[in-house]
Amino acid sequence: MSRVTERFLTYVKFDTQSDPKSNTCPSTAKQLELARYLVKELKSLGLEDVTLDEYGYVMATLKGNVDRKVPTVGFIAHMDTSDAMSGADVKPKIVTFTGEDIVLNEELDIVLSPKDFPSLYNYLNEAIIVTDGTTLLGADDKAGIAEIVTAVEYLLEHPEIPHGDIKIAFTPDEEIGRGADQFDVKRFGADFAYTVDGGAIGELQYESFNAAAAEIRIKGRSVHPGDAKGKMINAIHIANEIAMMFPADERPETTEGYEGFYHLYAMSGTVEEASMEYIIREFDAEKFKQRKNFVVQVIKQINQKYPDAVELILYDQYYNMRDKLEERLDIVEYAKQAMMELGIEPVIKPIRGGTDGSKLSYMGLPTPNLFTGGHNFHGKCEYIPIRSMEKAVQVIVKICELVAR
């Protein structure tokens, strides 16, 4: 078993799910269990300046081995997993994809089928890691952590490969949009960095969504239904009315590429009160403003019909890192060249989401995104080919070598 595979299988045993309702950093104490494990591992490898701060950020340094000044490059991955599905008691297994359905869980009749996920055909007769169908896998982003650690270990074992100082960091709470909130860019000390948090092999990304969140709180009035005429205000019906005002063809399941969307990802309620949570995504800055204004106007119309029934809390989460990285395309070129020298075709595409780099690039640390190799993140059909993880390790090593040339 390759080292990156062995590490990954170890890391996914840690339940590190973050909690968007928490106000602490990290949002869940269980993320610190993996953080402490990583600190011990990095120290055992011989890295320097290994730290775990009060917010749950792990940082370390691999000192350069060249006698000239070269840029300091950083590599970053996040420790938490999505709250979209359980990350507890993950039971990964290695299977070979033969072109047929992969049975994840025979008892529960859960399969991973190429009919639903044709990307599997890109890995015919390859070993891939899958779930048992009851949890997510956690390749987002424990694969990134495993690839970074394995890459620096390889550099330590091969001093003939020239490289400058290399900084690594593992962050909490990326999945809830807070991964960079307490990140100390100055202490990290890199001139630029890469998040290792992307998808399929070859992905290289320096564009992300502009992102906002909308929390909608609805006040109703509960009255006995037998005597409700002219008195009851049903918060659930108002919520449904609001949802129907959003365009049906501008949802995640109906958009792709550079198309933005409105995503209703949570809704609950009673007659007396209800709540809705939307995320708003758009690549273009002007269209992003228009989308936010649309939400404001929807709530304004509803409040005209049901006076003061609805409260809107609308706030930005992160911005398109392209606006910062267009000034530093040399960083993207390092990654592109590294992949080409390794026989990997770079797939430059926008992130239909965000990474820590979306914020870090605005904090003075230009940070594009590299592939991990994973597919179908945040769900039971998540999988990652072992060869893709091994290639990600090679790309990290090659970038370090290119920067020092």
Side-chain angles (χ1 to χ4, degrees), residues 2 4-5 7-8 73-78 96-97 112 114 117-130 137-151 154 192-209 256-258 283 320-322 325-326 328-358 361 366-378 381-403:
S2 66
V4 68
T5 303
R7 281 196 170 92
F8 175 68
V73 59
F75 295 93
I76 301 166
H78 64 88
T96 299
F97 175 61
L112 174 61
F117 303 103
S119 62
L120 280 164
Y121 286 119
N122 295 325
Y123 311 105
L124 192 63
N125 298 319
E126 287 193 29
I128 65 174
I129 305 175
V130 299
L137 178 60
D140 182 13
D141 188 26
K142 288 166 184 169
I145 299 173
E147 291 155 5
I148 292 169
V149 175
T150 303
Y154 186 86
F192 56 87
Y194 300 88
T195 49
V196 186
D197 191 21
I201 185 170
E203 283 190 5
L204 171 57
Q205 299 155 322
Y206 65 94
E207 299 180 75
S208 65
F209 275 135
E256 62 183 351
Y258 282 94
F283 287 99
N320 190 342
M321 59 186 178
R322 177 190 62 202
L325 286 171
E326 280 182 336
R328 291 299 312 271
L329 290 180
D330 57 310
I331 303 171
V332 178
E333 284 301 315
Y334 281 129
K336 183 178 177 181
Q337 184 178 346
M339 291 185 197
M340 293 174 67
E341 289 192 16
L342 293 166
I344 301 169
E345 182 180 354
V347 181
I348 300 176
K349 58 189 295 187
I351 308 169
R352 287 185 59 80
T355 69
D356 284 334
S358 301
S361 294
T367 309
N369 191 42
L370 304 174
F371 70 89
T372 62
H375 291 258
N376 305 339
F377 295 149
H378 298 189
C381 292
E382 186 179 1
Y383 73 91
I384 189 165
I386 289 176
R387 182 178 66 89
S388 297
M389 287 199 295
E390 293 169 346
K391 286 294 185 180
V393 173
Q394 294 174 25
V395 168
I396 295 168
V397 170
K398 181 60 70 172
I399 288 172
C400 296
E401 181 182 355
L402 290 174
V403 171

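Throughout, numbering of the chain's residues begins at 1 and tracks the sequence.
- Closest non-hydrogen pair, R328 versus P366, comes out as CG-CG, 4.2 Å.
- Residues E401 and K398 are paired through a salt bridge, judged by an N-O separation under 4.0 Å between the basic side chain and the carboxylate.
- The minimum heavy-atom distance linking G202 with M339 is given by the pair O-SD, 3.5 Å.
- Of the possible polar contacts, none joining the D141 side chain to the A77 backbone as a donor-acceptor pair under 3.5 Å is found.
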(request) Go through the steps to decide whether L370 and L204 satisfy the test side-chain contact (heavy atoms from CB on, under 4.5 Å), and finish with yes or no. (result) CA-CA 5 Å; L370 304 174; L204 171 57; 3.9 Å; yes
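- Atom NE2 of residue H375 and atom OG1 of residue T372 lie 8.5 Å apart, to the nearest 0.5 angstrom.
- Taking the six-membered ring for Trp and thresholds of 30 and 60 degrees, Y123 and Y383 have ring planes more than 60 degrees apart, a perpendicular arrangement.
- Closest approach of E382 to G138, counting heavy atoms only: OE1-N, 3.1 Å.
- Between C400 and F75, the closest heavy-atom pair is SG-CE1, 3.5 Å.
- Atom CD1 of I396 sits about 11.0 Å away from atom OH of Y194, to the nearest 0.5 Å.
- With rounding to the nearest 0.5 angstrom, the CG atom of L120 is 10.5 Å from the CD atom of E126.
- A distance of 4.0 Å separates CG in L325 from OG in S361, rounded to the nearest 0.5 Å.
- Residues D140 and H378 bring a donor and an acceptor atom of their side chains to less than 3.5 Å of each other.
- Looking at residues two or more places apart in sequence or on another chain, you find a side chain to side chain donor-acceptor pair (under 3.5 Å) between S358 and S208.
- Sorted by first and then second residue, the side chain to side chain donor-acceptor pair (under 3.5 Å) pairs involving residues 343-355 (not counting sequence neighbours) are T255-R352.
- Remark: L112 CG to F97 CZ distance equals 8.0 Å, nearest 0.5 Å.
- In terms of heavy-atom proximity, G257 sits nearest to P350 at O-CG, 4.3 Å.
- Contact record, A338 with I399: CB-CG1, 3.7 Å, taken as the closest heavy-atom pair.
- Scanning for side-chain contact (heavy atoms from CB on, under 4.5 Å) contacts around A193 gives I76, F188, L365, T367, with sequence neighbours left out.
- For the atom pair M389 CE and F8 CZ, the distance stands at 6.0 Å (nearest 0.5 Å).
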(message) Would H78 and D356 count as a side chain to side chain donor-acceptor pair (under 3.5 Å) here? Give the steps.
(response) CA-CA 8 Å; H78 64 88; D356 284 334; over 6 Å; no
(message) Test side chain to side chain donor-acceptor pair (under 3.5 Å) on Q394 and E390; report intermediate values, then the result.
(response) CA-CA 7 Å; Q394 294 174 25; E390 293 169 346; over 6 Å; no
